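Computed from a predicted structure; not experimentally measured. Chain letters run A, B, ... following the sequence lines, proteins first, then strands; residues in each count from 1.
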Amino acid sequence: MSDLADRLRTAREHAGLSQGQVARLLDMHRPTVTEIEAGRRKVSSEEISEFARIYEVSVAWLLGADQGEEDIDDRVKLAARDLTKLKKEDLDKVLRLLSTIRGPKSPKR
Amino acid sequence: MNTRELSAQAVLAAGRLRAERQIGPAEAVCPYDLATACKIKVSFIEAPSLEGMYSPEPRPAIVVNRLRPAGRRRFTCAHELGHHIFGHGFRIDELGEENSSPTSPEEFLAQRFASALLMTKIAVDSAFARRAWLPATAEAEQFFVVAQELGVGFTTLVTNVEVNLKSISAARADALRRIPLPKIRGKIVGHSIGADVFPVDGQWMRSTVDVEIKDLVILPEKAEFSGTCASTVPGAPYTLIATSVGKGIIKLQSGRQLSLRVSDEKFVGLARYRHLEDIDDEKL
């Protein structure tokens, strides 16, 4: 499976959508969504933009970008430093979710 | 800045946001719809030790723990929206006691903002007055009806009416908070019940009735329902039970229409898809 296919499936699951719902939202056939997520069908740039829009993720992340992760992770961890009840696995879930909306690294302010 | 000044700041900000979004001061607010309209990504996740989170970067995002009760989740979303409005930066709120005291001025602001947004004085007073009730003399069931219409928890409403609106005494608020929710729901439906109950009366001004699968909606007589996400309870023609994710229409005798929106309490994903029906693969 390609990275793109894998990320499309992850983004869909994070959005809480079934393949059937995605097909309806994008006016596709459900088997098309299945084929795309299995990496057996090419995805056009327009389709990638549409997937990004309905999943509310960045195109850059769908295409494999991971830039800027350390910056944001550090700030989230800083915000969580005094929380005694917050479990590490829950913080990791939040970080994974945030990773999907990251775009290209923004310049430092 | 002292708590009184912070409180005034929070109430002002909540009022401004309502005005910007053309939401009247007496109208009930859905914080998920409002945050989404503010271009914030709102997600539900399963994270037992988390209450909620706000991240301003790389685009604004709110995360709410789906394992918390419905009213609590809405309040948390409004609280995180407060962090967004005040530009507080990354905030993570771990699981806490309901109505626990805020730990910093930022948390106080967000908490007070959430109360002012969801339970304006006008909205609370109007909800009681329309039904010819007074907070000072209202019974627990009456507070429950108002809490359900405003979309907040029963104890959250009681605490707001006591602490922020100062319409009931501390002793009365304590007495109300001690009444278990199942007892209140049981008194309304006439038998013990595990699911949540939404008594929609002729004075229900909110345009939506937001429930979860298995919840009961008690309609006024002669109201009509159309849709597939709920069905009437046998022997109780004006009581609906929510059966599946989706939307339906409740038509009141006055001609007013309310949108019944059903979600699944187990839903994990973007808030804007919480009422989206799944579909039969055969049709695609």
Centroid separation under 6.0 Å, is that true for the rings of Tyr32(B) and Phe44(B)?
yes
Just by modelled atom types, is the Ser44(A) backbone N or O under 3.5 Å from a matching donor or acceptor in the Glu47(A) side chain?
yes
Residue Ile45(B) versus chain A: region with a heavy atom under 4.5 Å:
side chain
Test of understanding: with side chain to side chain donor-acceptor pair (under 3.5 Å), list the residues that count as partners of Thr36(B), not counting sequence neighbours.
none
Are the side chain of Asn65(B) and the backbone N or O of Leu50(B) linked by a donor-acceptor pair below 3.5 Å?
yes
Proximal component of Leu86(A), with respect to chain B [non-hydrogen, under 4.5 Å]
both
Sequence neighbours left out, what passes salt bridge (charged side-chain N to carboxylate O under 4.0 Å, His left out) with Glu277(B)? Give chain and number order.
none
Would you indicate whether the side-chain heavy atoms of His83(B) and His79(B) approach each other to under 4.5 Å?
yes
Among Glu89(A), Lys93(A), Arg12(A), Glu56(A), which residue has the highest count of heavy-atom pairs closer than 4.5 Å to chain B?
Glu56(A)
Select all residues of residues 262-275 of chain B having any heavy atom within less than 4.5 Å of some heavy atom of chain A, and report them by number, or 'none'.
Phe267(B), Val268(B), Gly269(B), Leu270(B), Arg272(B), Tyr273(B)
Is any side-chain heavy atom of Asp278(B) closer than 4.5 Å to a side-chain heavy atom of Gln21(A)?
yes
With a 4.5 angstrom heavy-atom cut-off, is it the side chain or the backbone of Leu25(A) that approaches chain B, or both, or neither?
side chain
Applying side chain to side chain donor-acceptor pair (under 3.5 Å), name anything that partners Arg21(B), two or more places apart in sequence or on another chain.
none
